[in-house]
Every structure is written in structure tokens, then in C-alpha cells.
Amino acid sequence: MTAPIVDKATVAQVLRDISLLLQLQGENGFRSRAYDMGADRILGLTQDLGAIVSEGRLESLPGIGPALAEKITELVTTGRMTYFEDLRAKFPPGLLELMKLPDIGPRKVAALWKELGIGSVEELEAACREGRVRELKGFGAKSEAKILEGIALFRRARGERKLLGDVLPLAEALLERVRASPGVVRASLGGSVRRRAETVSDVDIIASAPDAGPVLDALATSPGVATVLGKGDSKCSVRMEAGDLQVDLRVLPDEDFATALHHFTGSKAHHIRLRNLGHERGMKISEWGVHRDDGTKLPVKDEAALYALLDMQFVPPELREDNGEVEAARAGTLPTDLVTMEDVQGAVHAHTTWSDGRNSLEEMARAAKAMGLKYLTITEHSEAAIYAGGLKVDALKRQWEEIDRVNEAVPGMRLLKGIEVDILESGALDYDDQVLEQLEVVIASIHVRHSMDEEQMTRRVLTALDNPHLHILGHPTGRLLQSREPYPLRMEDVLEHAAKRGVAVEINGKPARLDIKAEYVRKATQLGVKLVVSCDAHRQEDLGNLSYAVATARRGWARKQDVLNTLPAERFLAALRAGR
DNA sequence: GCCGTTTTCGGCCCGACTGTTTTCAGTCG
């Protein structure tokens, strides 16, 4: 197997850029969409791209035909793509950035460039200030003002997506406000927030009410709204002061709620698949309902009814990414017992004031009990993590005494004695076996020395997995969303070895980690690797991170039986030991 | 550019909103 010179993300980016450049050229929109769909497909791969390329299997992927396969192969094996380079050379480099501006698409960019020679954001800004843009057909004075606003916004936000964990609480608060508005029958979040994507760009809310007006007003006048971007008969868009977050609200008659909710939940790729299936059955699916070709409207009371019309199982929102869920739902093989928050009996991975946490053992115990949990694994940092107040062995043993005391003081909650032990550079763990064997829960994680090459890092983790006292591999890829790449690691080898050694793998629910990610969750379950959902809590509020870990597990198709901390404490501990 | 249990050619999801328009094009989701 030849190691790919470029990774999946790079391939996907090149394909997306090609799509934009083709649109700029005025090519057939379906041709450009083919590149977009190819990008989605590559990004969603769980298998090694280098292996697929070297084995000539690209064309077996849906949406990838001979043309894309040849171009991707060239890029992966040589690091270059002649077609892309030639295409890109036809335009000034700033043109792609222009398309990231709001309300500016390929047609307008093409007109600005051809008529006014505008090839960058700076040139567009100058032309707007000089009133030259309004001379163009299709543009006016308002367009100039809006473009200038858009440029200012673009520079502030830099188009960054936001962490789900930063957006969801605000989204749920706005949803409650909408729910409480006059006449609202049903209301739900939609979009990537409802699908629990790792990062989101905006918030969608869908509501049903006999009269949309008061509901739209409720959003427009919500506290924290900076600007009302647009407001019509059924839709209102606002921008929040916090984080330049855009919120879109649609309000419809209740009979259209289910199809609208489904439409605005997406993903786009999933939705297009369903519309095509509907088409084959003589049905037209839109946000305004399902219509037969003769125009009669079919009643759809909820999303389950919509899937039933297509002879499919219901697909939970977290799975709607066109990653095989459409085929599985048609075949009836989609798992119906995906893990839920209610299934989780205990929280894994918590720190306290003993190392770098903010709350005491007892405070954490009471907070976990208040959430309805039965146990919590206390896993402080080990000695090598000096920056995080890692415990020396004698401190660790003193902590056991306090854990015993808290367990008596807080009935109905059990703190389990554990550690998040550092994986040293050699792959050895930071405590001796005699210490580790006395612990109920041993998580091992990497915190230092990230800059090893793939071979060294993989060997380091595989060595750690061989330790007979290890139960759980913690945040295995080390990534931090939007700030740190995963360290170079052959994850397939790691997961295979974890399966062989009976070590469980953590799904870390900290919103900036979500590690392992959904694609690897799915791979892990296929390999028979057991999982734990964790909160990586450093204060009592962080216990809620568990829900993001559950969401990630669901996105990776994990069922209740795949997740060990759905078991009661004794059986959880037995399962951790049984693996070894 | 991709795809095919009615097609190897002719399709490819669909509607709201905005601004510049007197009937529509572009963008967005």
C-alpha cells in the first residue's frame, strides 16, 4: 500500500474548488455538482484513501465515475492535478474567495469580473465605494450597500463554523421562545444542529401555527438579536450578537410540519436521495408536502410517515448523511436500538480538584446523581502530566480514602476509582503495573509529544494497548476541532489492535474533541471494538458533555450494546476486565 | 460528470426571498 501524498480533506477541497470554478465558467450546474458530491463521498470515507486508489476501487464508490477517479488518482499519487491547475490558472486567485461573501454567487462573481475586472474582495470593496457596481445589470445601490455589509461580516467571522457545544444551548433557548409564542402547535430545531454535526454554521427552527406572523415576530424581537436579515410571510432570518450566529425560522400550517421539518433537517445529500425515491414512485417531495403526479396531496403526520411512504425504516436525524443509511433503511437493516442518553447509566472520565478539575469529589458525585446517573469514574491525570496537576502514587492512594467517604455520604451514586494515565513516548504507561492493577478503571491517553511521525505514533499506541491493566483508550486521535489536527496515526491498525486486546475506545464528549469521531465509531463497531461515552469533565457542568458523546456514537451507528457504560456499575467493571 | 429492473441519452430537488425588475435572475438552504 502506498501512503497517499495528500489526505482526504485536501482531495475534497480540490474537488470543491473545481466545482466553484466550473460554476464561474458557466458550465452545466450538474457537472459542478458531480464534483461536490465526489468531495462529500471522499470526506465520508472510513477506509484508507491510499488503499482504495492503489487497488483501483475509486469507481466502485457511488457518485465517482471514470473522470473523477482518474483525477483523484492523479492527485493522490502525484500530489498534483493537471486539470485543476489549468482550470485555476484561468482566473485570478481572489475570485474563489469572492464567492464566500453572502449573496454573492458564481453568476455575480462572473459578471463582476468580466464587466469590471474585479478579482478580489479588496477590489470589490473599492468598486462598491466608488459606485461602479450599481452600473452593472442586475445590481443597484442596495446591492452595493449589502455587499459592503457582507464584506465587513466576512472579515469578522472569517466564515468559521462554530462548535455544536457552543451553539446548541442558545438554539434550545430560542426554540423554547418559539414554542411559547401564540398559536404554536409543534416546533423543533432542524439543520445540522438537529443532526448533531460536530460544527454548525447556523441554527434552523421549524414551527407550525395557524398564523405565522406572531411567531416570526417572537424571533425578530428576541433578546440578543443584532439584525433582522429578512422577514417574509413564512420565514424570518436574524443574526445574533453572540458569535455572528444566524438563525432561520420557518413557520407553516401544522399539516406541513413533518415535511418541512424533514426538509430543513437535511442533509441535502440525504434529502436528494429521498426525493429521487419519491420520484420513482410517482411522488413529488418538497417542504410543502408530498404530492402525487396528478397533484393530490398525501397526508404526512410525522417524519416516520414520510419514510413509510417510501417503504423505508425511519432514519434518525443523526444518520441522515447519505452514508449508506438510505440503502440500509430500504433493506430494513438500519439499527433500531441506537444508544440514547437514557441508556447511559454512568459517566466516564471526570477530573476533580485533586488534579486540574474545579469541583470536589463530593460536588461531582452529587451533580452526577442529579443527572440521574448511577456511577462516575474518577480519572485524574497521572504523574507525568505535571501541567495538569498529575497525581503522584501516594496522593492517588489518599484519594481512594476520600472516594470511600463520599460513596458513603452520597447514597445512590458510586464513584469508581480510576486514572487517566499518560501514555509515555515509549508507549509505556505512567504508573507501574502494581499501581494500575489496584484501580477499577484505567484510561490511557496521550497528552505530550504529539509531533511524532505516523509510524512512531502508531507503535506508541499499539504498545500501550498491550498493557494488561489498560481498560480504555482515551481521546485516541488527540484532535481539537478548529485548532489542532489529529496526530498522525493509523487508526485502522489501532482499532484492530484494540479489538484484539479487548481494550475499549473512548468517545470523548468534550465539544472541541468529539474523539473518536463518528466515522471511526462506525469502523470500531464493525470491528467489534467496545466503546464508552465520556464527559471528560473538569467541572460539574461538563457532565452534560455526555450528550455530545452519545450524539457522536449515534452518528457512528453505535447501538446500546456497543457502549459499555450503558451497563450497571458492577457489570460495567466486569466488562472492562473481561476484555483483558 | 454520473447514472440506468421502463433510459447508454437525457435527465439530474425544489421553493422562498430579495433586489432590480415591469416578469425575472440570482442566491440560499
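Chain letters run A, B, ... following the sequence lines, proteins first, then strands; residues in each count from 1. Being a predicted model, the structure only gives us computed values, none of them experimental.
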Just checking, any donor-acceptor pair under 3.5 angstrom between side chains of A:Q313 and A:T336?
->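 No.
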Can you tell me if A:N276 and A:E280 form a side-chain donor-acceptor pair at under 3.5 Å?
->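 Short answer, no.
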Would you tabulate the pairs of protein nitrogen or oxygen atoms and nucleotide nitrogen or oxygen atoms of nucleotides 20-24 of chain B closer than 3.5 angstrom?
from: B:dT20; atom 1: OP1; to: A:G140; atom 2: N; distance (Å): 2.8
from: B:dT20; atom 1: OP1; to: A:G140; atom 2: O; distance (Å): 3.3
from: B:dT20; atom 1: OP1; to: A:K142; atom 2: N; distance (Å): 3.4
from: B:dT20; atom 1: OP1; to: A:S143; atom 2: N; distance (Å): 3.0
from: B:dT20; atom 1: OP1; to: A:S143; atom 2: OG; distance (Å): 2.7

Using whole Å, report how far [atom1] of [X] lies from [atom2] of [N].
X      : N      : atom1 : atom2 : value
A:N28  : B:dC9  : CG    : C1'   : 14 Å
A:H279 : B:dC3  : NE2   : C1'   : 14 Å
A:H291 : B:dC13 : NE2   : P     : 19 Å
A:W288 : B:dC13 : CH2   : C1'   : 16 Å
A:D233 : B:dT18 : CG    : C1'   : 13 Å
A:E27  : B:dC2  : CD    : P     : 14 Å
A:H262 : B:dC13 : NE2   : C1'   : 13 Å
A:H271 : B:dC13 : NE2   : P     : 12 Å

If you restrict it to nitrogen or oxygen atoms, what contacts under 3.5 Å exist between nucleotides 27-29 of chain B and the protein, and what is each distance?
from: B:dT27; atom 1: OP1; to: A:G105; atom 2: N; distance (Å): 2.7
from: B:dT27; atom 1: OP1; to: A:G105; atom 2: O; distance (Å): 2.9
from: B:dT27; atom 1: OP1; to: A:K108; atom 2: N; distance (Å): 2.9
from: B:dT27; atom 1: OP2; to: A:R107; atom 2: N; distance (Å): 3.3
from: B:dC28; atom 1: OP1; to: A:D103; atom 2: N; distance (Å): 2.6

Phosphate-side-chain proximity, A:K231 and B:dT18, N/O vs OP1/OP2 below 4.0 Å =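 Indeed not, no polar side-chain atom of A:K231 lies that close.
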side-chain N/O A:R275 vs B:dC13 OP1/OP2, d < 4.0 Å =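 Negative; the distance criterion is not met.
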Any side-chain heavy-atom pair of A:H262 and A:H271 under 4.5 Å = yes
Evaluate the side-chain proximity of A:V238 to A:V203: yes if any heavy-atom separation is below 4.5 Å, no if none is.
-> no
In whole Å, what separates the [atom1] atom of [N] from that of [M]?
N      : M      : atom1 : value
B:dT8  : B:dC3  : C1'   : 9 Å
B:dT6  : B:dG1  : C1'   : 23 Å
B:dC13 : B:dG29 : C1'   : 12 Å

When you check the gap from the basic side-chain N to the acidic O, do [X] and [Y] get nearer than 4.0 Å?
X      : Y      : result
A:E115 : A:R132 : no
A:E198 : A:R479 : yes
A:E144 : A:R134 : yes

For A:D248, enumerate each residue passing the salt bridge (charged side-chain N to carboxylate O under 4.0 Å, His left out) test, keeping only those at least two apart in sequence or located in another chain.
-> none
Hey, does A:S234 reach any base, or is it just sugar-phosphate, or nothing, if we go heavy atoms under 4.0 Å?
-> sugar-phosphate
When you measure from the centre of the six-membered ring of A:Y520, is the NZ or CZ of A:K523 under 6.0 Å away and within 45° of the axis?
->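 No; the conditions do not both hold, so A:K523 does not lie above the ring face of A:Y520.
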Which residue, A:H263, A:K297, A:R250, forms the side chain to side chain donor-acceptor pair (under 3.5 Å) with A:D256?
->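 Only match with A:D256 under side chain to side chain donor-acceptor pair (under 3.5 Å): A:K297.
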For the side chain of A:F30, counting heavy atoms from C-beta on, which of B:dG19, B:dG1, B:dC2 is nearest?
->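 Comparing B:dG19, B:dG1, B:dC2 against the side chain of A:F30, the answer is B:dG1.
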Earlier contact from the 5' end, DNA chain B, for A:M37 and A:L229 |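 In this pair, the answer is A:M37.
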